[in-house]
Protein chains: 2
Amino acid sequence: MAKIISTSCIVCQNRSDIFNSLGPEELEAVNCQRISVHYNAGEVIFKQGTPCYYFVCITSGLVKLYLENENSHNIIIGLARPVDYIFMPGAYVNYRHQFTAVACEDTTACLIESDIWHDLIKTNPNFANDFIRKMSLQSIELIDKISSITQKQVFGRMADVLIYLSKNIYFQDSFTLTLSRQDLADFSGMTKESAIRAMKKFKEDQIISLKGNNIEILNPFLLETISKNG
Amino acid sequence: MAKIISTSCIVCQNRSDIFNSLGPEELEAVNCQRISVHYNAGEVIFKQGTPCYYFVCITSGLVKLYLENENSHNIIIGLARPVDYIFMPGAYVNYRHQFTAVACEDTTACLIESDIWHDLIKTNPNFANDFIRKMSLQSIELIDKISSITQKQVFGRMADVLIYLSKNIYFQDSFTLTLSRQDLADFSGMTKESAIRAMKKFKEDQIISLKGNNIEILNPFLLETISKNG
DNA sequence: AATATTTATTGATCCATATCAATAGAAACA
DNA sequence: TGTTTCTATTGATATGGATCAATAAATATT
């Protein structure tokens, strides 16, 4: 890891939207102390339980955020993509990471000290407002995840995951997965075997086409129906 | 419902902690337009999917927050008590309630217009900071709920619920439940029958004493172990 | 107090999904 | 190019917890 790249935040094309409310001096202050890092696929960005000193802004790649458990399987509670940063509820509570972040693809990120972040929130109401909006969105995603996992069976849950991937990660009905089957399982709260069987059923029913990691949603309407009916 | 009571926010003993960072004028502004309401046990405070115009600050009683689902059972994602307010992630996103709030006991609450709330966040950085901290805590609770429900079996989940009730709601090892068995089930993501059987097992194993709605945690250490081991 | 209604409890059965096991395919490596 | 290693797939079996059904207890109603 740790191949440092650099441009300025002010001209950065992959800058997180959260920084749009900052003025040039504020952006420069962020730029001055930011650390740009490259992670290879599979590398840990941070571990659940460790102290959190930095906000992680993803500039390229894909990151999975998951809850670890000694006895049981992991559960992916979210994915982070450019142009976004990883939400960090511990930054305002116990200064610990609530989950582990791992790069699914080769990923570049900028680390921003949480002190600066806190200062910006105190001094720039628009930044604070945007930050609250992002936290709210994250809360809603968590609520949606609870709803999906507790109120739906395997097909409904897998439908939710495929819809989420196409709408929020790949922005297309057709995409090449960089998540493993195990990841899909962890994301939909089931075992790898169940995930594979659910996908196989969708393929048989012509709802998706599936060749290795190439997925195309052929019948989004039916997938939506399966999601709704659980 | 709607038995209006009144005192001033400035002298209120049941004022939510979130208002501690407000000055007298700000408190007075809140006081001027607040609406105090009484809800009987069982009454709906707001429904999932409806617009959210008010923050609800609980001054007495107990409120359950749950996700509704036509096909499936409800799932309680949290409880709200005095001195607290109900978090409302929709207030910054789609202006809709993400869940339903129902009074479990006779409950009084003050409704505060979200406009005023938004103004305070923009103008008072300490208020914004406290608000972000509260949202962060809520996110962590949601993450804990996901962890509990997906990574533990019935006994672990029920242990989590009992620990939560004693530590965060009743503040004692011994308490009289105002939640029904169905509520306990909805809170731990299982059926009423499974909830009753789990409690029965804990009673047989002398981990709790259970007479109707009177619960005492006799062996908190063992309960904690069950929670950890799932 | 007697009756109706809701909530709680217990037992029997069933089913969705996990677990286990075996194989196949893909990627890494020597 | 064969060997190892990891990931994916498929089938067989096991099981945790849901569902169904039948009281019992508590609460509300007349």
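Letters A, B, ... are given to chains in the order of the sequence lines, protein chains preceding strands, and every chain is numbered from 1.
Between the C1' atom of C/dA22 and the CD atom of A/Glu193 lies a distance of 12 Å, rounded to the nearest Å. The NZ atom of A/Lys192 sits 18 Å away from the P atom of C/dT17 (whole-angstrom rounding). Look at CZ on A/Arg181: it is 15 Å from C1' on C/dA27, rounded to the nearest Å. When rounded to the nearest whole Å, the span between CD of B/Gln153 and P of C/dT17 equals 16 Å. C/dT7 atom C1' lies 10 Å from atom CG of B/Asn213, rounded to whole Å. In this structure, CZ of B/Arg197 is placed 9 Å from P of C/dG11, rounded to the nearest angstrom. Protein atom CD of A/Gln182 is 11 Å distant from nucleotide atom P of C/dT19, rounded to whole Å. Here the C1' atom of nucleotide C/dT17 and the CZ atom of A/Phe155 are 10 Å apart, to the nearest Å.
In this structure, the side chain of B/Gln98 does not engage the main chain of B/Met88 through any donor-acceptor pair within 3.5 Å.
Proximity of B/Lys203 to B/Ser209: side-chain heavy atoms (C-beta onward) are nowhere separated by under 4.5 Å.
Residues B/Lys47 and B/Glu68 are paired through a salt bridge, judged by an N-O separation under 4.0 Å between the basic side chain and the carboxylate. Residues A/Lys192 and A/Asp186 are not paired through a salt bridge, judged by the lack of any N-O separation under 4.0 Å between the basic side chain and the carboxylate.
Counting any heavy atom pair closer than 4.0 Å across all strands shown, A/Thr191 reaches a base atom.
Taking the six-membered ring for Trp and thresholds of 30 and 60 degrees, A/Tyr164 and A/Phe187 have ring planes more than 60 degrees apart, a perpendicular arrangement. Ring geometry for B/Phe131 versus B/Trp117: interplanar angle over 60°, hence perpendicular rather than tilted (30 to 60°).
Where DNA chain D meets chain A (any atom under 4.0 Å from a heavy atom), the bounding nucleotides read 5' to 3' are D/dA8 to D/dA12.
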